[in-house]
There are 2 protein chains.
Amino acid sequence: MIAIDLLEKYGALKKSFDKNEIIFEEGNLPTHYYQIISGEIKMSNYNDDGREFIQGIFYKEQSFGEPPLFLNQTYPANAIAVDDSEILLLPKQNFMKLLEENPAISLKIIENLAQRLYYKSIMAAEMSTQEPEHRILKLIGTGIAYFNFKKDENGYLINFTRQQIGDLTGLRVETVIRTIKMLEKKGVLKIINRKVYR
Amino acid sequence: MIAIDLLEKYGALKKSFDKNEIIFEEGNLPTHYYQIISGEIKMSNYNDDGREFIQGIFYKEQSFGEPPLFLNQTYPANAIAVDDSEILLLPKQNFMKLLEENPAISLKIIENLAQRLYYKSIMAAEMSTQEPEHRILKLIGTGIAYFNFKKDENGYLINFTRQQIGDLTGLRVETVIRTIKMLEKKGVLKIINRKVYR
DNA sequence: CTTGTTTTATGATTTAAGTCATAAAACGTA
DNA sequence: TACGTTTTATGACTTAAATCATAAAACAAG
């Protein structure tokens, strides 16, 4: 999102996170701007009985966790490395200075937040309608634009596990498995040795 | 959000909308920036069988519908006047010019989008947990900060109908009614001649 | 004041997704 | 290569919310 050399000019430092390592936790106050160099990060919540809800999954060059930074509020979710990852961290003060001194970056931030809001609006509407087929198809459909699904001769490879799809749509893994099978039977997606293609 | 005289300087015009009048529709491309002078606006989706999901409710001084404006994408939901309303409309080009020439406004926009993203994150997690009590309490709790609930001697008056609460949380109106009664019985909120207080 | 509409309310019934149990296939790694 | 873990898979059963029906209270409009 923001050029790496610009971030470094303002004092950003690279930090490595192991798979499953926590980057920040729900309820804590934000201290940094985070931008991924490599790897994969998820933001998620766990409810009282341990059930997970994934707010979003982020990949290289993407930033995450900005909203509370601008609002002086605590994080509404946890950030966890899904894979070994490298992240650039820029302290809040420096980040704000960077924004002030580089007005063009503000528009980038706006576009980024707008994009995420757009995704959440679509998924919120979808999740309230309750139909598993709809939810999963919409996730996959918008996911092709937002997540880094790769296209090959079979179509787009949806590189999410059934569990992740469940955690992103609010469905249980068994329901996801059964629904995906249904959707395959209907011909709207393909399953090639367990991998889902659209 | 943005000072009215500044908006007018860039050519914003006031327009009146009757109760239930449509301001813009899902699927259309955005043409203006909208800021409410008076009244109440909801953004919502209707699914295939006519069920409504309310994305948000907006009041005086608030803006709405910006994300697609920044993304050149179509609106993900409809905007409808809940009451007779007056709205300032600023054409997209002029709005972009305003932003360019007034960098401080960008930060305001960022904060506003961050706020809405924050609300949606919280509600998304809540809606996926499925428990009506949780959903409704969270809506009311965060709503006290985001919607204009007024406090009196009984507490905060939740000036939503049961139907609206259902449309905001993805629950059916009967479920909302029963759940609110349960919550009253548990003493976590009050019902005083049908109005809900927290 | 009357009438039509919206909102709140409640009981009976249905149903779809969740839950529970169990297992095979695939994957990772020591 | 063997072993533990993760992922996918399936069947039986449960349950909570949706649905359906019906109505009273409140409100709005003429």
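All heavy atoms count here, side chains included; hydrogens, waters and symmetry mates do not.
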Side chain to side chain contact (heavy atoms under 4.5 Å, CB included) partners for [X], two or more places apart:
X: Q62(A); answer: F58(A), Y59(A)
X: K181(A); answer: none
X: K151(B); answer: Y156(B)
X: D18(A); answer: E21(A), D84(A)

Members besides [X] in its Ile/Leu/Val/Met/Phe/Trp/Tyr cluster (side-chain heavy atoms under 4.5 Å):
X: V82(A); answer: none
X: I192(A); answer: L157(A), Y197(A)
X: Y46(B); answer: I22(B), I80(B)
X: I177(A); answer: V173(A)

Taking [atom1] from [X] and [atom2] from [N], how many angstroms apart are they, rounded to a whole number?
X: L183(A); N: dA9(D); atom1: CG; atom2: P; result: 13 Å
X: L189(B); N: dT8(C); atom1: CG; atom2: P; result: 14 Å
X: D49(A); N: dC20(C); atom1: CG; atom2: P; result: 10 Å
X: I158(A); N: dT8(D); atom1: CD1; atom2: C1'; result: 17 Å
X: I177(A); N: dA17(C); atom1: CD1; atom2: P; result: 15 Å
X: E133(A); N: dA16(C); atom1: CD; atom2: C1'; result: 12 Å

Quick test of your reading: applying ring pair (Phe, Tyr, Trp, His ring centres under 6.0 Å), list the pairs with at least one residue in residues 79-103 of chain A, sequence neighbours left out, ordered by first then second residue.
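For residues 79-103 of chain A: Y33(A)-F95(A), F70(A)-F95(A).
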What are the residues of residues 159-168 of chain B, sorted by number, that bring a heavy atom to within less than 4.0 Å of DNA chain D?
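When residues 159-168 of chain B is checked for heavy atoms under 4.0 Å from DNA chain D, there are no hits whatsoever.
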Strictly under 4.0 angstrom, non-hydrogen atoms only: write out the protein contact profile of nucleotides 13-30 of chain D, one letter per nucleotide from the 5' end, B, S or -.
----SSBB----SS----
Report for the helix from dC1(C)-dG30(D) to dA30(C)-dT1(D): angle between first-end and last-end helix axes, five pairs each, rounded to 10 degrees.
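The end-segment axes of the helix from dC1(C)-dG30(D) to dA30(C)-dT1(D) are tilted 60° relative to each other.
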Which atoms form the tightest heavy-atom contact between G170(A) and S128(B), and what is the distance?
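Heavy atoms only, the tightest pair is CA-CB, 3.9 Å.
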Going by atom types alone, do Q35(A) and S63(A) pair a side-chain donor with an acceptor below 3.5 Å?
no
